[in-house]
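Worksheet: the structure to be examined is printed underneath.
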Amino acid sequence: MIAVLKDKATQEQVDNLVEWFTMQGLKVHQSKGDYCTILGLIGDTTKIDIDLLKGLDIIESVTRISEPFKKANRKFHPEDTIVDVGGVKIGGGNFQFIAGPCSVESKEQIEEVASAVRKSGAALLRGGAFKPRTSPYDFQGLKADGIELLLEAKKTTGMPIVTEIMSAEHLPLFENVDLIQVGARNMQNFELLKALGKTNKPILLKRGLANTIKEFLMSAEYIMAGGNENVILCERGIRTYETYTRNTLDLSAVPMIKELSHLPVIVDPSHATGAARLVKPMAMAAAACGADGLMIEVHNNPPKALCDGAQSLTPEQFDDVAKRVMKIREVI
């Protein structure tokens, strides 16, 4: 349920109303805009008399909503959320590039890539330290050592870092990570989402490879319900019957999610297509459909990459993509 308050409502009146809702066993999410205050009521609202609420002097309107995601719902929070990641803002018109290798392989590799993508306009550095792989025999990442190398690259470039978490047990290792990524395979790892909800770290949540938009937003709700509302959503393709690309990049999800939710939405064309040659057109299309940013894999020597070399751009290719995307941004 959503209660929109009139402009003339005093803070004392708002506090009294919030206290009354709390006494009814409801959680109250308060959002203050330029022209009104919105109270989102979470819990069993069936016992709340809408007519009684509408009769209060400070109430503008009351609406019941059917979607199970509440905190992530745009009806609760009409304005776009802007997530601050180490001083870099994403959402609400702030478009950012997140770039770097699929996995951190060495100090020389991560620092060379970091320097290159920064010059081309990337604001955040990505790099996998813990790598979930389909085969147990594939490279699994440098783990804690990989995070340390990312932090060294951060000192050199000043770029906030993004890396994927695999288990809540690893949270202590992520204390200095600026943006914690939840991969597609863990989108419905609810215990991990609950643990991340108790942190104050921005979370980059990737859509599962076979999940609906509703399920995607419900996973974001798990994090937000725990108190952490700094969530960035990432569309990275879903599995369909198509075999020419690794996944099918669902760009329609970007405007659809923006209609349903106030959270920033970025796109990962690298994992979506699995082919470097397809990254540029999909990146430009993502910018055109309103994405708040792009997450692109960049490697200084893709043929020798230990992970996902086929979908990784060279620094020169990334520079070209970044320039073309920004031209698209100017148009829209």
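Salt bridge Asp308/Arg246: present, at least one basic N to carboxylate O contact under 4.0 Å. A salt bridge between Glu221 and Lys70 is absent, with no side-chain N of the basic residue lying under 4.0 Å from a carboxylate O of the acidic one. For Lys75 and Glu67, the salt-bridge test passes: some basic side-chain N is under 4.0 Å from an acidic carboxylate O. Between Arg207 and Glu235, at least one side-chain N (NZ, or NE/NH1/NH2) sits under 4.0 Å from a carboxylate O, which counts as a salt bridge. The residues Lys327 and Glu330 are annotated as not salt-bridged, no charged nitrogen and carboxylate oxygen being separated by less than 4.0 angstrom.
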Take Gln96 and Asp292 through the side-chain hydrogen bond (donor to acceptor under 3.5 Å, both in side chains) test and state the conclusion after the steps. CA-CA 7 Å; Gln96 305 295 350; Asp292 294 300; over 6 Å; no

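Pro202 is not listed as a side-chain neighbour of Asp178, based on a closest heavy-atom distance of 4.5 Å or more. A 4.5 Å side-chain heavy-atom check between Leu142 and Glu105 finds every atom pair outside the cut-off. For the pair Lys206/Arg236, a side-chain contact is recorded, criterion being any heavy-atom separation below 4.5 Å from C-beta on.
Heavy atoms from other residues, nucleotides or ligands lying under 6.0 Å from CZ of Arg118 number 12 at most.
Side-chain atoms of Asn300 and Gln109 include no donor-acceptor pair closer than 3.5 Å. Between the side chains of Arg239 and Thr248, no donor-acceptor pair is found at a separation under 3.5 Å.
In terms of heavy atoms, Asn228 sits closest to Leu196 at ND2-O, 3.3 Å. Across all their heavy atoms, Ala220 and Leu233 have their closest contact at CB-CD2, 3.9 Å.
Under a 4.5 Å side-chain heavy-atom cut-off, the cluster of Ile, Leu, Val, Met, Phe, Trp and Tyr residues that includes Met295 is completed by Val83, Val85, Val88, Ile90, Ile98, Leu124, Val162, Leu179, Leu204, Ile232, Ile266. Membership of the apolar cluster around Leu53 extends to Met1, Leu5, Val14, Leu17, Val18, Trp20, Phe21, Leu26, Val28, Leu39, Leu41, Ile48, Ile50, Leu56, Ile58, Ile59, Val62, as traced through chained side-chain contacts below 4.5 Å between ILVMFWY residues.
With sequence neighbours left out, His170 forms a side-chain hydrogen bond (donor to acceptor under 3.5 Å, both in side chains) with no residue at all. Ala144 pairs by the side-chain contact (heavy atoms from CB on, under 4.5 Å) definition with Leu173, not counting sequence neighbours.
Here the options are Val325, Val117, Val321, Val267, the test is side chain to side chain contact (heavy atoms under 4.5 Å, CB included), and the partner is Ile296; only Val321 passes.
Here ring pair (Phe, Tyr, Trp, His ring centres under 6.0 Å) pairs that include residues 216-270, with residues two or more places apart or in two chains, are His77-His262, Phe190-Tyr222.
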With a 3.5 Å cut-off and sequence neighbours excluded, list the donor-acceptor pairs that the side chains of residues 270-285 form with protein atoms.
from, atom 1, to, atom 2, distance (Å)
Ser270, OG, Glu297, N, 3.0
His271, ND1, Asp268, OD2, 2.9
His271, ND1, Glu297, OE2, 3.4
His271, NE2, Glu297, OE2, 3.3
Thr273, OG1, Pro269, O, 2.9
Thr273, OG1, Ala275, N, 3.4
Thr273, OG1, Ala275, O, 3.3
Lys280, NZ, Asp320, OD2, 3.0

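Atoms CG and CD, from Asn176 and Glu148 in turn, are 8.0 Å apart once rounded to the nearest 0.5 Å.
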